[in-house]
Visitor: 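Structure in C-alpha coordinates, see below.
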Amino acid sequence: MPDSLSQQPSDASSASARGSDTSANATGLKVGMKPRHLVMMSLGSAIGAGLFVGSGAGVQAAGPAVLVSYVVAGLIVIFVMRALGELVAADPNPGAFSHYAGKAMGPAAAFAVGALWWVQLCLVVAAEATAAAQIAASYVPAVPQWVIALAIMLVFTAINLTTSGSFGEFEFWFSLLKVAFVVLFLVLGIAYLLGWTPAEPPAQIFSDGFMPTGISGIAAGLLVVAFAFGGIEIVAVAAAETANPERSVSQAIKTIVWRILFLYIGSVAIIVLVLPWTDDRLGESPFVAVLQTAGLPFVASLLAAVIVIALLSSMNANIYGASRMAFSMSQRSMLPRGLGRTTRRGVPVPAVLATSAFGFVAVALNYFWAAEVLGVLLNIVGSTLIVTWVATLVSQIVLRRRAEAAGDPLPLRMWGYPWLSYVTLAGIAVIIGLGLTVASVRFQIIGTLVFVVALYLVGLIVTKRRPAARA
(Lines give C-alpha, C1' and ligand atoms only; values in the text may rest on other atoms or scores of the structure.)
Protein backbone atom coordinates (compact mmCIF):
# COMPACT_ATOMS: atom_id res chain seq x y z
CA MET A 1 0.00 0.00 0.00
CA PRO A 2 1.51 3.37 -0.97
CA ASP A 3 2.46 5.62 1.95
CA SER A 4 1.52 8.93 0.35
CA LEU A 5 -1.78 10.52 1.19
CA SER A 6 -3.19 10.40 -2.30
CA GLN A 7 -3.08 6.84 -3.53
CA GLN A 8 -5.01 4.55 -5.79
CA PRO A 9 -8.70 4.93 -4.97
CA SER A 10 -10.00 2.60 -2.27
CA ASP A 11 -12.57 0.02 -3.25
CA ALA A 12 -15.29 2.17 -1.76
CA SER A 13 -14.30 5.24 -3.75
CA SER A 14 -13.90 3.20 -6.92
CA ALA A 15 -17.44 1.97 -6.54
CA SER A 16 -18.54 5.53 -5.99
CA ALA A 17 -16.84 6.67 -9.15
CA ARG A 18 -18.98 4.28 -11.13
CA GLY A 19 -21.99 6.27 -10.00
CA SER A 20 -24.00 3.41 -8.58
CA ASP A 21 -25.63 3.92 -5.20
CA THR A 22 -25.87 0.20 -4.58
CA SER A 23 -22.49 -1.03 -5.84
CA ALA A 24 -20.51 -3.27 -3.49
CA ASN A 25 -16.82 -2.79 -2.82
CA ALA A 26 -14.29 -5.52 -2.11
CA THR A 27 -14.84 -5.28 1.65
CA GLY A 28 -18.50 -6.19 1.33
CA LEU A 29 -19.91 -2.75 2.22
CA LYS A 30 -22.17 -1.08 -0.33
CA VAL A 31 -22.09 2.50 -1.56
CA GLY A 32 -25.64 3.32 -0.57
CA MET A 33 -25.57 6.88 0.78
CA LYS A 34 -26.01 9.98 -1.34
CA PRO A 35 -24.06 13.26 -1.09
CA ARG A 36 -27.02 15.04 0.55
CA HIS A 37 -27.04 12.35 3.25
CA LEU A 38 -23.40 13.03 4.12
CA VAL A 39 -23.82 16.82 4.12
CA MET A 40 -26.86 16.73 6.40
CA MET A 41 -25.22 14.13 8.62
CA SER A 42 -22.31 16.52 9.09
CA LEU A 43 -24.81 19.13 10.28
CA GLY A 44 -26.72 16.89 12.65
CA SER A 45 -24.40 14.10 13.78
CA ALA A 46 -23.09 15.96 16.83
CA ILE A 47 -26.40 17.55 17.85
CA GLY A 48 -27.22 15.17 20.67
CA ALA A 49 -26.52 14.67 24.36
CA GLY A 50 -23.36 16.79 24.23
CA LEU A 51 -25.30 19.89 23.21
CA PHE A 52 -28.72 19.31 24.75
CA VAL A 53 -27.50 17.97 28.11
CA GLY A 54 -23.72 18.40 28.23
CA SER A 55 -23.95 22.16 27.58
CA GLY A 56 -25.70 22.53 30.94
CA ALA A 57 -22.89 20.65 32.68
CA GLY A 58 -20.40 22.99 31.02
CA VAL A 59 -22.25 26.07 32.27
CA GLN A 60 -22.33 24.65 35.80
CA ALA A 61 -18.56 24.10 35.64
CA ALA A 62 -17.50 27.47 34.21
CA GLY A 63 -20.50 29.80 34.44
CA PRO A 64 -20.96 32.20 31.50
CA ALA A 65 -17.24 31.79 30.78
CA VAL A 66 -18.11 28.42 29.25
CA LEU A 67 -18.49 30.50 26.07
CA VAL A 68 -14.70 30.80 26.09
CA SER A 69 -14.48 27.01 26.32
CA TYR A 70 -16.81 26.70 23.32
CA VAL A 71 -14.91 29.24 21.23
CA VAL A 72 -11.55 27.59 21.94
CA ALA A 73 -12.82 24.06 21.38
CA GLY A 74 -14.86 25.19 18.37
CA LEU A 75 -11.85 26.68 16.59
CA ILE A 76 -9.80 23.57 17.28
CA VAL A 77 -12.56 21.32 15.92
CA ILE A 78 -12.88 23.44 12.78
CA PHE A 79 -9.15 23.05 12.07
CA VAL A 80 -9.12 19.35 12.97
CA MET A 81 -12.05 18.70 10.63
CA ARG A 82 -10.34 20.56 7.80
CA ALA A 83 -7.25 18.40 8.31
CA LEU A 84 -9.44 15.29 8.40
CA GLY A 85 -11.24 16.46 5.27
CA GLU A 86 -7.91 16.58 3.43
CA LEU A 87 -7.25 12.96 4.39
CA VAL A 88 -10.74 11.67 3.59
CA ALA A 89 -11.13 13.42 0.24
CA ALA A 90 -7.86 11.85 -0.95
CA ASP A 91 -8.48 8.37 0.47
CA PRO A 92 -12.01 7.57 1.75
CA ASN A 93 -11.93 4.53 4.02
CA PRO A 94 -14.33 3.19 6.68
CA GLY A 95 -11.36 2.99 9.07
CA ALA A 96 -10.93 6.78 8.79
CA PHE A 97 -8.49 8.13 11.44
CA SER A 98 -7.39 4.60 12.37
CA HIS A 99 -6.51 3.96 8.71
CA TYR A 100 -4.66 7.28 8.40
CA ALA A 101 -2.83 6.83 11.73
CA GLY A 102 -1.68 3.43 10.49
CA LYS A 103 -0.35 4.87 7.24
CA ALA A 104 1.45 7.66 9.10
CA MET A 105 2.62 5.91 12.28
CA GLY A 106 2.28 2.15 11.77
CA PRO A 107 -0.23 -0.65 12.48
CA ALA A 108 0.05 -0.42 16.29
CA ALA A 109 -1.01 3.24 16.15
CA ALA A 110 -3.86 2.25 13.84
CA PHE A 111 -5.05 -0.28 16.41
CA ALA A 112 -4.79 2.16 19.33
CA VAL A 113 -6.64 4.99 17.57
CA GLY A 114 -9.32 2.72 16.11
CA ALA A 115 -9.96 0.80 19.32
CA LEU A 116 -10.09 4.00 21.38
CA TRP A 117 -12.55 5.64 18.99
CA TRP A 118 -14.72 2.54 18.88
CA VAL A 119 -14.87 2.32 22.68
CA GLN A 120 -15.49 6.07 22.86
CA LEU A 121 -18.44 5.90 20.47
CA CYS A 122 -19.85 2.87 22.25
CA LEU A 123 -19.86 5.00 25.41
CA VAL A 124 -21.52 7.84 23.50
CA VAL A 125 -24.24 5.44 22.35
CA ALA A 126 -24.82 4.55 25.99
CA ALA A 127 -24.87 8.25 26.95
CA GLU A 128 -27.37 9.14 24.21
CA ALA A 129 -29.68 6.27 25.18
CA THR A 130 -29.45 7.28 28.84
CA ALA A 131 -30.12 10.97 28.14
CA ALA A 132 -33.13 10.20 25.92
CA ALA A 133 -34.51 7.76 28.50
CA GLN A 134 -33.94 10.30 31.27
CA ILE A 135 -35.99 12.97 29.50
CA ALA A 136 -38.71 10.56 28.38
CA ALA A 137 -39.02 9.10 31.90
CA SER A 138 -39.79 12.57 33.30
CA TYR A 139 -42.87 12.70 31.06
CA VAL A 140 -43.86 9.06 31.57
CA PRO A 141 -43.01 8.51 35.25
CA ALA A 142 -44.93 5.24 35.37
CA VAL A 143 -42.33 3.64 33.09
CA PRO A 144 -38.89 3.00 34.67
CA GLN A 145 -35.97 4.75 32.98
CA TRP A 146 -34.17 1.46 32.32
CA VAL A 147 -37.20 0.10 30.42
CA ILE A 148 -37.21 3.12 28.11
CA ALA A 149 -33.46 2.78 27.58
CA LEU A 150 -33.91 -0.89 26.70
CA ALA A 151 -36.64 -0.12 24.16
CA ILE A 152 -34.44 2.56 22.60
CA MET A 153 -31.49 0.20 22.19
CA LEU A 154 -33.64 -2.53 20.63
CA VAL A 155 -35.23 -0.18 18.07
CA PHE A 156 -32.04 1.55 16.97
CA THR A 157 -30.00 -1.60 16.81
CA ALA A 158 -32.66 -2.88 14.40
CA ILE A 159 -32.42 0.30 12.30
CA ASN A 160 -28.68 -0.18 11.93
CA LEU A 161 -29.24 -3.68 10.62
CA THR A 162 -30.79 -2.17 7.47
CA THR A 163 -28.83 -0.98 4.41
CA SER A 164 -26.60 2.12 4.50
CA GLY A 165 -28.96 3.83 2.03
CA SER A 166 -31.91 3.40 4.40
CA PHE A 167 -29.80 4.59 7.29
CA GLY A 168 -28.68 7.65 5.29
CA GLU A 169 -32.25 8.62 4.42
CA PHE A 170 -33.31 8.23 8.04
CA GLU A 171 -30.45 10.42 9.28
CA PHE A 172 -31.06 13.04 6.57
CA TRP A 173 -34.57 13.84 7.76
CA PHE A 174 -33.82 13.58 11.45
CA SER A 175 -30.71 15.75 11.10
CA LEU A 176 -32.85 18.31 9.29
CA LEU A 177 -35.31 18.21 12.19
CA LYS A 178 -32.52 18.72 14.73
CA VAL A 179 -31.05 21.70 12.90
CA ALA A 180 -34.52 23.26 12.57
CA PHE A 181 -35.12 22.79 16.30
CA VAL A 182 -31.87 24.52 17.28
CA VAL A 183 -32.69 27.44 14.96
CA LEU A 184 -36.17 27.70 16.54
CA PHE A 185 -34.60 27.66 20.00
CA LEU A 186 -32.31 30.55 19.03
CA VAL A 187 -35.25 32.57 17.70
CA LEU A 188 -37.37 32.00 20.82
CA GLY A 189 -34.43 32.73 23.14
CA ILE A 190 -33.73 36.04 21.42
CA ALA A 191 -37.45 36.87 21.53
CA TYR A 192 -37.48 36.31 25.31
CA LEU A 193 -34.41 38.51 25.87
CA LEU A 194 -36.09 41.27 23.84
CA GLY A 195 -39.27 41.00 25.92
CA TRP A 196 -41.42 39.49 23.19
CA THR A 197 -42.60 36.44 25.15
CA PRO A 198 -45.10 36.15 28.07
CA ALA A 199 -42.37 36.16 30.74
CA GLU A 200 -40.36 39.20 31.79
CA PRO A 201 -36.76 39.18 30.50
CA PRO A 202 -34.00 38.81 33.14
CA ALA A 203 -33.40 41.98 35.12
CA GLN A 204 -29.74 41.19 35.63
CA ILE A 205 -27.34 39.14 33.54
CA PHE A 206 -24.13 37.55 34.88
CA SER A 207 -25.00 38.47 38.49
CA ASP A 208 -21.92 36.56 39.74
CA GLY A 209 -19.67 37.89 37.04
CA PHE A 210 -18.53 36.34 33.77
CA MET A 211 -16.00 33.94 35.34
CA PRO A 212 -17.45 32.88 38.71
CA THR A 213 -15.21 29.79 38.90
CA GLY A 214 -12.12 31.36 37.32
CA ILE A 215 -9.71 29.81 34.83
CA SER A 216 -10.08 26.42 36.50
CA GLY A 217 -13.79 26.46 35.62
CA ILE A 218 -12.99 27.10 31.95
CA ALA A 219 -10.49 24.25 32.02
CA ALA A 220 -13.02 21.93 33.66
CA GLY A 221 -15.61 22.90 31.06
CA LEU A 222 -13.32 22.17 28.11
CA LEU A 223 -13.63 18.38 28.22
CA VAL A 224 -17.41 18.61 28.61
CA VAL A 225 -17.43 20.94 25.62
CA ALA A 226 -15.19 18.55 23.69
CA PHE A 227 -17.84 15.86 24.14
CA ALA A 228 -20.43 18.23 22.64
CA PHE A 229 -18.47 18.31 19.38
CA GLY A 230 -18.10 14.54 19.26
CA GLY A 231 -19.86 12.95 16.31
CA ILE A 232 -18.72 15.36 13.62
CA GLU A 233 -15.92 12.98 12.68
CA ILE A 234 -18.43 10.28 11.66
CA VAL A 235 -18.49 12.02 8.28
CA ALA A 236 -15.02 10.56 7.66
CA VAL A 237 -16.30 7.03 8.26
CA ALA A 238 -19.48 7.46 6.22
CA ALA A 239 -17.59 8.80 3.19
CA ALA A 240 -16.56 5.27 2.21
CA GLU A 241 -20.22 4.35 1.63
CA THR A 242 -21.15 7.59 -0.14
CA ALA A 243 -21.33 8.25 -3.86
CA ASN A 244 -18.69 10.74 -5.11
CA PRO A 245 -16.90 10.96 -1.72
CA GLU A 246 -14.39 13.65 -2.76
CA ARG A 247 -17.11 16.19 -3.57
CA SER A 248 -19.40 15.09 -0.74
CA VAL A 249 -16.73 15.33 1.94
CA SER A 250 -15.65 18.78 0.74
CA GLN A 251 -19.23 20.04 1.01
CA ALA A 252 -19.74 18.46 4.44
CA ILE A 253 -16.52 19.84 5.92
CA LYS A 254 -17.29 23.36 4.69
CA THR A 255 -20.67 23.39 6.48
CA ILE A 256 -19.02 22.63 9.83
CA VAL A 257 -17.57 26.15 10.22
CA TRP A 258 -20.88 28.02 10.29
CA ARG A 259 -22.57 25.21 12.20
CA ILE A 260 -20.16 25.50 15.13
CA LEU A 261 -20.22 29.29 15.19
CA PHE A 262 -23.97 29.60 14.78
CA LEU A 263 -25.67 26.55 16.25
CA TYR A 264 -23.39 25.61 19.14
CA ILE A 265 -22.07 28.93 20.40
CA GLY A 266 -25.37 30.67 19.68
CA SER A 267 -27.33 28.13 21.71
CA VAL A 268 -24.97 28.28 24.68
CA ALA A 269 -25.00 32.09 24.57
CA ILE A 270 -28.80 32.01 24.93
CA ILE A 271 -28.54 29.57 27.86
CA VAL A 272 -26.04 31.70 29.85
CA LEU A 273 -27.98 34.90 29.13
CA VAL A 274 -31.27 33.41 30.34
CA LEU A 275 -30.35 31.04 33.20
CA PRO A 276 -28.14 31.69 36.24
CA TRP A 277 -25.15 29.35 36.22
CA THR A 278 -26.32 27.96 39.59
CA ASP A 279 -29.74 26.91 38.25
CA ASP A 280 -30.28 23.23 39.11
CA ARG A 281 -32.18 22.68 35.86
CA LEU A 282 -28.95 23.03 33.90
CA GLY A 283 -28.01 19.51 34.88
CA GLU A 284 -31.20 18.07 33.37
CA SER A 285 -32.29 19.85 30.19
CA PRO A 286 -31.05 23.44 29.77
CA PHE A 287 -32.93 23.93 26.48
CA VAL A 288 -36.27 23.05 28.07
CA ALA A 289 -35.41 25.19 31.12
CA VAL A 290 -34.81 28.24 28.91
CA LEU A 291 -38.21 27.86 27.21
CA GLN A 292 -39.95 27.39 30.56
CA THR A 293 -38.27 30.53 31.89
CA ALA A 294 -39.38 32.39 28.78
CA GLY A 295 -43.02 31.62 29.66
CA LEU A 296 -43.44 29.05 26.92
CA PRO A 297 -44.23 25.84 28.88
CA PHE A 298 -46.26 24.31 26.06
CA VAL A 299 -43.45 24.85 23.57
CA ALA A 300 -40.97 23.52 26.13
CA SER A 301 -43.00 20.32 26.52
CA LEU A 302 -43.39 19.96 22.76
CA LEU A 303 -39.73 20.54 22.05
CA ALA A 304 -38.69 18.14 24.80
CA ALA A 305 -40.02 15.43 22.49
CA VAL A 306 -37.91 16.87 19.68
CA ILE A 307 -34.84 16.73 21.91
CA VAL A 308 -35.49 13.04 22.56
CA ILE A 309 -35.75 12.45 18.80
CA ALA A 310 -32.52 14.38 18.27
CA LEU A 311 -30.72 12.32 20.90
CA LEU A 312 -31.94 9.12 19.31
CA SER A 313 -30.86 10.26 15.85
CA SER A 314 -27.38 11.08 17.14
CA MET A 315 -27.21 7.71 18.88
CA ASN A 316 -28.24 6.03 15.64
CA ALA A 317 -25.39 7.72 13.77
CA ASN A 318 -22.93 6.72 16.48
CA ILE A 319 -23.93 3.06 16.28
CA TYR A 320 -23.32 3.31 12.54
CA GLY A 321 -19.90 4.96 12.92
CA ALA A 322 -18.63 2.64 15.63
CA SER A 323 -19.79 -0.47 13.81
CA ARG A 324 -17.94 0.60 10.65
CA MET A 325 -14.77 1.18 12.64
CA ALA A 326 -15.02 -2.29 14.17
CA PHE A 327 -15.70 -3.70 10.70
CA SER A 328 -12.68 -1.92 9.22
CA MET A 329 -10.36 -3.07 12.01
CA SER A 330 -11.54 -6.64 11.50
CA GLN A 331 -10.85 -6.33 7.78
CA ARG A 332 -7.31 -5.25 8.68
CA SER A 333 -6.89 -8.28 10.99
CA MET A 334 -6.89 -6.15 14.16
CA LEU A 335 -10.15 -7.46 15.62
CA PRO A 336 -11.79 -10.92 15.40
CA ARG A 337 -12.49 -11.93 11.82
CA GLY A 338 -16.21 -12.37 12.48
CA LEU A 339 -16.69 -8.61 12.93
CA GLY A 340 -15.68 -8.11 9.29
CA ARG A 341 -18.55 -10.12 7.81
CA THR A 342 -21.43 -8.54 5.92
CA THR A 343 -24.79 -9.69 4.66
CA ARG A 344 -25.69 -9.73 0.96
CA ARG A 345 -27.10 -6.23 1.50
CA GLY A 346 -23.70 -4.99 2.67
CA VAL A 347 -24.58 -4.70 6.39
CA PRO A 348 -21.84 -5.64 8.92
CA VAL A 349 -24.27 -7.31 11.33
CA PRO A 350 -21.71 -8.70 13.83
CA ALA A 351 -20.04 -5.28 14.14
CA VAL A 352 -23.40 -3.58 14.71
CA LEU A 353 -24.33 -6.07 17.44
CA ALA A 354 -20.93 -5.76 19.14
CA THR A 355 -21.26 -1.97 19.18
CA SER A 356 -24.81 -2.02 20.54
CA ALA A 357 -23.73 -4.35 23.36
CA PHE A 358 -22.28 -1.36 25.24
CA GLY A 359 -25.66 0.35 25.11
CA PHE A 360 -27.33 -2.70 26.61
CA VAL A 361 -24.78 -2.64 29.43
CA ALA A 362 -25.80 0.98 30.04
CA VAL A 363 -29.41 -0.23 30.32
CA ALA A 364 -28.34 -2.37 33.26
CA LEU A 365 -26.48 0.57 34.79
CA ASN A 366 -29.64 2.67 34.43
CA TYR A 367 -31.48 0.04 36.44
CA PHE A 368 -29.11 0.44 39.39
CA TRP A 369 -27.83 4.03 39.12
CA ALA A 370 -30.17 5.97 36.82
CA ALA A 371 -29.22 9.41 38.16
CA GLU A 372 -25.44 9.01 37.95
CA VAL A 373 -24.88 7.16 34.66
CA LEU A 374 -25.05 10.13 32.26
CA GLY A 375 -22.60 12.32 34.17
CA VAL A 376 -20.01 9.54 34.33
CA LEU A 377 -20.32 8.82 30.60
CA LEU A 378 -20.03 12.51 29.66
CA ASN A 379 -16.82 12.86 31.68
CA ILE A 380 -15.16 9.74 30.26
CA VAL A 381 -15.72 10.61 26.61
CA GLY A 382 -14.37 14.17 26.54
CA SER A 383 -10.73 13.24 27.03
CA THR A 384 -10.81 10.41 24.49
CA LEU A 385 -11.89 12.82 21.76
CA ILE A 386 -8.73 14.84 22.31
CA VAL A 387 -6.64 11.77 21.44
CA THR A 388 -8.57 11.40 18.17
CA TRP A 389 -7.88 15.05 17.36
CA VAL A 390 -4.14 14.67 18.00
CA ALA A 391 -3.93 11.49 15.91
CA THR A 392 -5.75 13.19 13.03
CA LEU A 393 -3.45 16.21 13.01
CA VAL A 394 -0.25 14.16 13.25
CA SER A 395 -1.47 11.89 10.44
CA GLN A 396 -2.32 14.88 8.27
CA ILE A 397 1.10 16.47 8.79
CA VAL A 398 2.97 13.25 7.98
CA LEU A 399 0.85 12.17 5.00
CA ARG A 400 0.69 15.68 3.52
CA ARG A 401 4.48 15.81 3.56
CA ARG A 402 4.64 12.46 1.75
CA ALA A 403 2.00 13.49 -0.78
CA GLU A 404 3.85 16.70 -1.66
CA ALA A 405 7.14 14.84 -1.94
CA ALA A 406 5.48 12.37 -4.33
CA GLY A 407 3.72 15.13 -6.29
CA ASP A 408 0.27 13.65 -5.61
CA PRO A 409 -2.72 15.99 -6.17
CA LEU A 410 -5.07 16.62 -3.21
CA PRO A 411 -8.80 17.31 -3.76
CA LEU A 412 -9.08 19.26 -0.48
CA ARG A 413 -6.25 21.00 1.34
CA MET A 414 -5.70 22.00 4.96
CA TRP A 415 -5.44 25.77 5.46
CA GLY A 416 -2.03 27.25 6.27
CA TYR A 417 -0.13 23.96 6.16
CA PRO A 418 1.98 23.15 8.10
CA TRP A 419 1.78 26.04 10.55
CA LEU A 420 -1.94 25.91 11.31
CA SER A 421 -1.69 22.17 11.96
CA TYR A 422 1.09 22.79 14.47
CA VAL A 423 -0.78 25.71 16.09
CA THR A 424 -3.85 23.49 16.50
CA LEU A 425 -1.71 20.82 18.16
CA ALA A 426 -0.33 23.49 20.48
CA GLY A 427 -3.89 24.56 21.34
CA ILE A 428 -4.76 20.98 22.26
CA ALA A 429 -1.62 20.82 24.41
CA VAL A 430 -2.81 23.93 26.27
CA ILE A 431 -6.20 22.29 26.89
CA ILE A 432 -4.47 19.22 28.28
CA GLY A 433 -2.21 21.39 30.45
CA LEU A 434 -5.15 23.35 31.87
CA GLY A 435 -7.07 20.14 32.43
CA LEU A 436 -4.22 18.72 34.49
CA THR A 437 -4.62 21.62 36.95
CA VAL A 438 -8.17 20.52 37.82
CA ALA A 439 -8.41 17.44 40.05
CA SER A 440 -11.50 15.90 38.43
CA VAL A 441 -10.21 16.51 34.92
CA ARG A 442 -6.68 15.39 35.76
CA PHE A 443 -7.93 11.91 36.58
CA GLN A 444 -9.73 11.67 33.20
CA ILE A 445 -6.72 12.81 31.18
CA ILE A 446 -4.20 10.58 32.94
CA GLY A 447 -6.59 7.63 32.77
CA THR A 448 -7.10 8.17 29.04
CA LEU A 449 -3.38 8.44 28.36
CA VAL A 450 -2.73 5.22 30.29
CA PHE A 451 -5.50 3.53 28.30
CA VAL A 452 -4.02 4.74 24.99
CA VAL A 453 -0.57 3.44 25.92
CA ALA A 454 -2.11 0.10 26.89
CA LEU A 455 -3.97 -0.06 23.57
CA TYR A 456 -0.76 0.75 21.69
CA LEU A 457 1.06 -2.08 23.46
CA VAL A 458 -1.82 -4.43 22.66
CA GLY A 459 -1.63 -3.21 19.08
CA LEU A 460 2.06 -4.12 18.91
CA ILE A 461 1.23 -7.65 20.03
CA VAL A 462 -1.81 -8.03 17.74
CA THR A 463 -0.09 -6.74 14.62
CA LYS A 464 3.03 -8.80 15.32
CA ARG A 465 1.09 -12.02 15.78
CA ARG A 466 -1.04 -11.39 12.73
CA PRO A 467 1.22 -10.67 9.75
CA ALA A 468 -1.85 -9.77 7.69
CA ALA A 469 -2.58 -6.81 9.97
CA ARG A 470 -2.20 -3.59 8.05
CA ALA A 471 -2.85 0.11 8.48
Side-chain angles (χ1 to χ4, degrees), residues 39-60 62-75 77-78 131 135 172-202 205-206 210 221 224-225 227-232 254-277 279 281-282 284-311 313-314:
V39 172
M40 188 53 68
M41 190 184 299
S42 74
L43 285 173
S45 58
I47 301 179
L51 179 61
F52 291 131
V53 182
S55 57
V59 175
Q60 288 178 322
V66 74
L67 286 170
V68 176
S69 300
Y70 270 91
V71 170
V72 171
L75 287 173
V77 170
I78 288 171
I135 296 173
F172 174 84
W173 291 107
F174 277 89
S175 292
L176 184 61
L177 175 64
K178 289 189 288 186
V179 172
F181 162 68
V182 174
V183 172
L184 176 60
F185 172 79
L186 291 173
V187 171
L188 294 176
I190 293 172
Y192 167 63
L193 293 171
L194 294 176
W196 296 347
T197 65
E200 289 292 326
I205 297 175
F206 304 161
F210 182 71
V224 177
V225 169
F227 173 78
F229 292 122
I232 297 174
K254 289 173 183 176
T255 64
I256 288 172
V257 176
W258 70 264
R259 177 183 69 175
I260 289 175
L261 295 177
F262 180 67
L263 299 181
Y264 279 87
I265 298 177
S267 297
V268 176
I270 293 295
I271 292 171
V272 300
L273 289 171
V274 171
L275 301 175
W277 72 282
D279 194 315
R281 296 175 296 172
L282 285 168
E284 299 173 2
S285 182
F287 279 64
V288 173
V290 166
L291 295 172
Q292 290 173 337
T293 303
L296 302 168
F298 173 76
V299 179
S301 298
L302 180 64
L303 293 185
V306 178
I307 291 177
V308 172
I309 292 173
L311 290 168
S313 172
S314 182

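Basis for what follows: all heavy atoms, side chains included, without hydrogens, waters or symmetry-related copies.
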Visitor: Determine whether a donor-acceptor pair (N or O, by modelled atom type, separation under 3.5 Å) exists between the side chain of Y192 and the backbone of L296.
Guide: no
Visitor: Kindly compute the distance separating CD1 (I271) from OG1 (T293), expressed to the nearest 0.5 Å.
Guide: 11.0 Å
Visitor: Indicate yes or no: at least one non-hydrogen side-chain atom of W196 is less than 4.5 angstrom from one of I190.
Guide: no
Visitor: Which distance, rounded to the nearest 0.5 Å, do you find between the CZ of F210 and the CG of L67?
Guide: 5.5 Å
Visitor: Any side-chain heavy atom of L194 sitting closer than 4.5 Å to one from P201?
Guide: no
Visitor: First locate atom CG of L275, then atom CD of Q60, and finally report the distance between them rounded to the nearest 0.5 Å.
Guide: 10.5 Å
Visitor: Does W173 reach the side chain of L177, with side-chain heavy atoms less than 4.5 Å apart?
Guide: no
Visitor: Look up atom CZ in F181 and atom CG in L176, then write down how far apart they are to the nearest 0.5 Å.
Guide: 14.0 Å
Visitor: Run the side chain to side chain contact (heavy atoms under 4.5 Å, CB included) test on S55 and Y264 for me, step by step, so that the C-alpha distance in whole Å, both residues' side-chain angles and the decisive distance to 0.1 Å come before the verdict.
Guide: CA-CA 9 Å; S55 57; Y264 279 87; over 6 Å; no
Visitor: So F287 and S267, do their side chains get closer than 4.5 Å, heavy atoms only?
Guide: yes
Visitor: Atom OG in S301, atom CD in Q292: separation rounded to 0.5 Å?
Guide: 7.0 Å
Visitor: Please round to the nearest 0.5 Å and tell me the distance separating atom CH2 of W277 and atom CG of L282.
Guide: 10.5 Å
